Visitor: 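Take this structure first; my questions come after.
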Amino acid sequence: MLTINVVVLLAVIVFFRLRRRTESRSRFDEKMTVVIVLALGILLAPTPVGQGILSFLGQLTSGVTQASR
């Protein structure tokens with residue numbers, strides 16, 4: 001039996017939705033993309049990959065803040 005990771009499936013959907021031209025999108029299409037991206041973020045956040053991304057972004061923002069002083 002084939003199992004599909006929901007996070008990977010949502011990432012693929014987001015990738016293909018964002019590749020489309022912006023002029024051809026309706027408001028509903030844009031809202032649906034936002035909902036899918038939020039769902040992807042919620043599913044990805046508690047995983048080790050999500051924690052690594054959070055740690056990386058925290059280090060990046062603290063580095064930028066210190067560089068601007």
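Atoms considered below: every heavy atom in the structure, side chains included; atoms not considered: hydrogens, waters and symmetry mates. Bear in mind that the values here come from a model prediction, so they are computed numbers and not experimental data.
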Visitor: Going hydrophobic residue to hydrophobic residue with side-chain gaps under 4.5 angstrom, can you get from Ile13 over to Met32?
Guide: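 Yes.
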Visitor: Group every Ile, Leu, Val, Met, Phe, Trp and Tyr by side-chain heavy-atom contacts under 4.5 Å, then state whether Val35 and Leu38 land in the same group.
Guide: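 Each belongs to a different hydrophobic cluster.
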Visitor: Are any of the side-chain heavy atoms of Arg17 and Val37 separated by less than 4.5 Å?
Guide: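 Result no, sub-4.5 Å side-chain heavy-atom pair not found.
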Visitor: Treating Ile, Leu, Val, Met, Phe, Trp and Tyr as nodes and any side-chain heavy-atom pair under 4.5 angstrom as an edge, say whether Ile42 and Leu9 lie in one connected cluster.
Guide: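 No, because Ile42 and Leu9 fall into different hydrophobic clusters, even though each may have its own neighbours under 4.5 Å.
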Visitor: Spell out, yes or no, whether Val34 and Phe15 are grouped together once hydrophobic residues are joined by side-chain heavy atoms under 4.5 Å, including indirect joins.
Guide: no
Visitor: Mind checking the OG-CG spacing from Ser62 to Leu60? Nearest 0.5 Å is all I need.
Guide: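 If we round to the nearest 0.5 Å, Ser62:OG and Leu60:CG are 8.0 Å apart.
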Visitor: State whether the side chain of Thr61 and the backbone N or O of Leu57 hold a donor-acceptor pair below 3.5 Å, judged by distance alone.
Guide: yes
Visitor: Is any side-chain heavy atom of Thr33 closer than 4.5 Å to one of Val14?
Guide: no
Visitor: So, taking the atom named CZ in Phe56 and the one named CD in Gln59, what distance separates them when rounded to the nearest 0.5 Å?
Guide: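 Going from CZ on Phe56 over to CD on Gln59, the span is 8.0 Å.
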Visitor: So, the side chain of Gln51 versus the backbone of Pro46: is there a donor-acceptor pair under 3.5 Å, distance only?
Guide: no
